[in-house]
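Working notes for the structure below.
Just so it is clear: chains get the letters A, B, ... in the order the sequence lines come, proteins before strands, and each one is counted from 1.
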Number of protein chains: 2
Amino acid sequence: MPIIDAKPFHYDFSFDHVALVCIDMQRDFCQPGGFAESLGDNIKNLQPCIPVIGKLQEAFRKAELPIIHTKECHKPDLSDLPTAKRNRGNPKLKIGDKGPMGRILIDGEPGSDFIPECAPAQWELVISKPGKDTFYNTEFDDYMKLRKITHLVITGVTTEVCVQTTMRCANDRGYDCVLVEDGTDSYFPEFKAMTLKALVAQGGIVGWTCKSDALLELLAKEQPGQVSSATSFAA
Amino acid sequence: MPIIDAKPFHYDFSFDHVALVCIDMQRDFCQPGGFAESLGDNIKNLQPCIPVIGKLQEAFRKAELPIIHTKECHKPDLSDLPTAKRNRGNPKLKIGDKGPMGRILIDGEPGSDFIPECAPAQWELVISKPGKDTFYNTEFDDYMKLRKITHLVITGVTTEVCVQTTMRCANDRGYDCVLVEDGTDSYFPEFKAMTLKALVAQGGIVGWTCKSDALLELLAKEQPGQVSSATSFAA
C-alpha cells in the first residue's frame with residue numbers, strides 16, 4: 001500500500017483505486033483577459049499551482065493512472081443555470097453574455113476551455129459542471145463507482161470555492177481525499193490558507209492535504225503500466 | 001418584498017418562499033459530556049449562537065413560517081455510514097460505538113437529539129442527514145421544492161463544516177441563502193470568521209450573511225399568520 005506524508009497524518013491508497021482530479025483550470029479563471037480578471041479578481045494568485053498541476057498530470061499519465069478534469073460551465077441554452085446564479089448582484093456581465101473570450105461560462109466557448117498547461121489528454125474524462133460541487137448534476141460519482149475509484153488526489157482552483165466544495169461532497173460520499181497544497185490556489189491567499197487548515201482539522205474531518213513532491217517522488221519510482229499495490233514511499 | 005441589511009449587499013425575499021434552517025443543534029456537538037467534548041473540541045465556543053437560534057425559531061414560529069431542523073446521524077445498522085467516515089484516523093470511539101450519551105451519532109440515541117434550547121416543534125420537519133451537506137441522501141431538496149421555498153435563512157453548527165457545506169450545495173441548486181452571523185458558531189473562531197468572509201466574497205459567490213437583529217426586527221412587525229409580501233424593513 002503506497003503511503004505519503006500528509007496532514008493531519010499519513011495518507012495511504014492503492015494504485016488500483018486512485019485518480020487525479022483537476023478542478024476548473026479554465027482560461028476564464030486563470031488567464032489575462034478572461035472573465036475573472038474582468039471582474040477584478042487577481043489572477044496572479046492562481047499562477048503558482050499551474051506548473052504543479054502540469055507535473056502531476058504528466059506523472060499520473062506516465063503511470064497510466066486516471067485523470068479527471070472538471071470545468072464550470074453551462075449549456076448554451078442556459079437550461080442548467082439557476083436564475084439566482086445568473087442574477088446575483090445584478091452584474092454588468094452575466095453568465096451567457098458575450099464576454100472577452102466568447103459567451104461567459106458557456107460550454108464550448110474559448111473562455112470555458114482549459115489552459116494549455118493543464119489540458120486533458122484526448123482519452124481523459126472531462127466533467128462539465130453547472131455548480132461548485134463536482135457531484136451536483138454530473139456523471140462524476142457514477143464514473144468513480146464504475147472505475148472503483150475510492151481515493152481522490154485533488155488539485156485546481158479556487159481552493160475555497162469549487163475545490164473545497166467538491167472535496168467536502170466527496171468526503172460525504174465516502175471518498176478518501178487528499179488536496180495537494182501547492183496544486184491549488186485562490187484569488188485570496190488568506191482563504192486558501194484557512195481552507196487548508198480547516199479541511200484537516202478535527203482529525204481530518206474532510207480529508208488530508210499533502211505536498212506535490214510527496215506524490216511526484218512516489219510516482220517517479222513507478223514504471224508506466226507497472227504500478228504495484230505493494231509500493232511504499234514513506235511511513 | 002421584505003429587505004434586510006446584509007453582506008455583501010441587501011438581501012430580499014418573500015415570506016411565501018422563505019424557511020429557517022437550523023443545522024445540527026445536537027447534544028453530542030453542543031453539550032458538556034457529549035461526543036465532541038470527548039474528542040477534545042471546545043464546546044464553549046458553540047454556546048453564543050444557541051440563544052440567538054432560539055429567538056429566531058420563536059420569531060419564525062410566531063409568524064407561521066417554516067423551520068427545518070437537521071441532525072447529523074446514522075441508521076442503527078450503520079448502512080448509511082461510509083467506511084471512510086467510520087475509520088478516519090482510527091479513533092478510540094467510532095460512530096456507532098457506545099459513547100457518553102448512547103451510541104455515537106446514531107439516530108434515536110440521546111446524544112444525537114436536539115438541545116432543548118433549539119428543539120423542533122412537533123410539526124416541524126427534521127432531516128436526519130448522514131453527511132455534512134444537508135442535500136446528500138436526504139429529502140431536503142424535494143421538500144423545499146414541494147413547498148416552493150427558494151430562500152434559506154441558515155443557522156447552526158459548525159460554521160465551516162456542515163453549515164457552509166449545506167449553504168454551498170444550496171447555492172449550486174439555485175437557493176438564495178443568508179447565513180446568520182451570530183446564529184452560527186465553530187469550535188474554531190478563526191474558521192468561523194474566515195468562512196463568513198469567504199461566503200460573501202466575489203459579489204456574494206455563495207450568498208449573504210446578516211445579523212439576527214435585522215431578521216428579528218422585521219419579523220417583530222409581522223402578526224402570526226398575517227405576514228405579507230409587501231412588507232419592507234430597510235432599504
So that I can tick it off, tell me whether [Y] and [X] are bridged by a salt bridge, with the cut-off set at under 4.0 angstrom between side-chain N and carboxylate O.
X      : Y      : value
B/K129 : B/D24  : yes
B/K192 : B/D185 : yes
A/K145 : A/D141 : yes
B/D97  : B/K92  : no
A/K211 : A/E181 : yes

Heavy-atom distances under 4.5 Å only: say whether [X] touches chain B with side chain, backbone, both or neither.
X      : value
A/K132 : both
A/A36  : neither
A/F135 : neither
A/R173 : both
A/Q164 : side chain
A/D41  : side chain

### Query
Should the heavy atoms of other residues, nucleotides or ligands under 6.0 Å from NZ of A/K85 be counted, would the total exceed 12?
yes

### Among the listed options B/P82, B/A198, B/G40, B/P91, the residue most often paired with chain A at heavy-atom distances under 4.5 Å
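So the answer, after comparing B/P82, B/A198, B/G40, B/P91, is B/A198.
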
### Message
Taking every non-hydrogen pair under 4.5 Å, which of B/Y187, B/W208, B/Y175 racks up the most with chain A?
### Response
B/W208

### Task
Using atom types as modelled and distance alone, determine if a side-chain donor or acceptor of B/T166 lies under 3.5 Å from a backbone N or O of B/V163.
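No, B/T166 side chain to B/V163 backbone: no donor-acceptor pair under 3.5 Å.
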
#### Entry: Options A/L39, A/T83, A/V161, A/V206, ranked by heavy-atom pairs under 4.5 Å with chain B, top entry
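So the answer, after comparing A/L39, A/T83, A/V161, A/V206, is A/V161.
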
